Number of protein chains: 2
Amino acid sequence: MARILSGNRKQFIIEEAGQLFREKGYTAASMRDLAERVGVEAASLYNHIKSKDELLREICFRVAHEYVSHLSQTEQMEATYAEKVRALLRMHIAIITHDISAVSVANNEWKHLPEPYLSEFTHIRRDYERRFAALIQKGIEAGEFRPVNPKIALFTLLAAVRWVEIWYKPGREISPQTLERDIETILIHGLTQATAP
Amino acid sequence: MARILSGNRKQFIIEEAGQLFREKGYTAASMRDLAERVGVEAASLYNHIKSKDELLREICFRVAHEYVSHLSQTEQMEATYAEKVRALLRMHIAIITHDISAVSVANNEWKHLPEPYLSEFTHIRRDYERRFAALIQKGIEAGEFRPVNPKIALFTLLAAVRWVEIWYKPGREISPQTLERDIETILIHGLTQATAP
DNA sequence: GTCTATAGGCGGATAGAC
DNA sequence: GTCTATCCGCCTATAGAC
């Protein structure tokens, strides 16, 4: 029971840390700032966590594992490569809009992870990119996609959904559904009306 | 003469600061770090600059003004909206590949600007986005572009070229020319071969 | 214009009472 | 588990000798 309460308390602290790190950046955010949000003195935080960077680790790796888990599911789908890429774009937008603080921290503050976690994190991310690029490569070979460099295509897609993380706030004028539809339209079909392959 | 030398020295310090801020982040980068790169003691830097945030300001506003200046030129071009948007995409890629540290800092560290510079910077950026979105809006009205939300289109385009800033290193396997061509292909024509408007 | 020395503040984290 | 008090280090920036 004590462990469950303690676990909840820790999760609450991690949640607040995610929002704080997103707003001010990991380095500029102090444990005193975090304590104020949580409603305790700074020293009390250390009854739940061991260090500031433990918070960063929890956030970054939770996000990383969520992305990898969805990628694995997508790879096993029975579908065309275009459908798989489309599903991954939707997945990215969904994760971002549902867990925006954590995603933002994982995207922008990961470089402050201390070793060996930094190496582990970049390794996971590189592996994710490699597997995603392989799907695009196969889509090109299958004639579904234009013959572009798969890495360029990958990063263009990933970056194009990442802006949502910077910009999106719940309750903003544009709904997640419109977001999803229009971003997909541009990336999959292109911006211009009349296309000539 | 003394002023010219001093000016060059200051520019050198700003250049080194840009690289340092990009690598470590503005808050995590110390004046001692910067001094070591420049080859002096930290206190000596203050003969050339007034404060750490002056360096951040110089970098952020130089980049902002470069973007705005190119946008103004593009607005005055005699060309279709598709050609103008294409020109702006090329301009973004060119600025990023030529001045990557400064662009990276302006994109990622601007939030550490102290007021009133923070407000001024965000105002300049919002104005840039408004004018760029207007070009897309007109392109949609002219039937050149698909009927998507202009803001979504804008941010998707801007984000898609921004990844270059995170990823690009001079001398990497992919050339700026290939970058430009493939990113344009995806954003303007779309990833899939057979498009059905 | 560069140096050494240092002021003055805030950072993460710990000790120990309750 | 939370508090107060505090350690100790690093931070930006300044003072003043050379």
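Numbered from 1 within each chain, the chains take letters A, B, ... in sequence-line order. Everything quoted here is computed from the prediction, not taken from an experiment.
Spacing between atom NZ of K10(A) and atom C1' of dG1(D) amounts to 15 Å, rounded to whole angstrom units. For the pair H112(A) NE2 and dG11(C) P, the interatomic distance rounds to 15 Å; values are reported in whole Å. Distance NZ (K52(B)) to P (dA13(D)): 8 Å, rounded to an integer number of Å. Between the P atom of dC10(D) and the NZ atom of K24(B) lies a distance of 12 Å, rounded to the nearest Å. As rounded to whole Å, 14 Å separates atom C1' of dG1(D) from atom CD1 of I49(A). Per the geometry, CG belonging to L45(B) stands 13 Å off C1' belonging to dC3(C), to the nearest Å. To the nearest angstrom, P of dG1(C) lies 10 Å from CD1 of I13(B). As a whole-Å value, the separation of H48(A) NE2 from dC3(D) C1' is 12 Å.
Within residues 27-34 of chain A, the residues that have a heavy atom under 4.0 Å from DNA chain C are, in order of number, A29(A), S30(A), M31(A), R32(A). Residues of residues 35-42 of chain A having a heavy atom closer than 4.0 Å to DNA chain D, listed by number: V40(A), E41(A).
Among the nucleotides dT4(D), dT4(C), dA13(D), the one closest to the side chain of A43(A) is dT4(D).
Y117(A) and F61(A) have perpendicular rings, their planes meeting at more than 60° on a 0 to 90° scale where under 30° would count as parallel.
Remark: R162(B) fails to qualify as a cation-pi partner of W167(B) under the 6.0 Å distance and 45° angle criteria applied to the six-membered ring. For K151(B) and F132(B), the positive end is not near the middle of the six-membered ring at less than 6.0 Å and at most 45° from its axis.
Here the shortest heavy-atom pairing between Y128(A) and M91(A) reads OH-CE, 3.5 Å. Considering all non-hydrogen atoms of both residues, Y81(B) and L135(B) come closest at CD2-O, 3.8 Å.
A centroid separation of 6.0 Å or more is found between the aromatic rings of H48(A) and F12(A).
Note: the hydrophobic cluster containing I166(B) does not contain W163(A) (ILVMFWY, side chain heavy atoms under 4.5 Å, direct or indirect links).
Note on E109(B) versus R22(B): no salt bridge recorded, every NZ/NE/NH1/NH2 to OD/OE distance being 4.0 Å or above.
Side-chain nitrogen and oxygen atoms of S44(B) include at least one within less than 4.0 Å of the OP1 or OP2 phosphate oxygen of dC3(C).
In terms of modelled atom types and a separation under 3.5 Å, the side chain of R125(B) and the main chain of A64(B) share no donor-acceptor contact.
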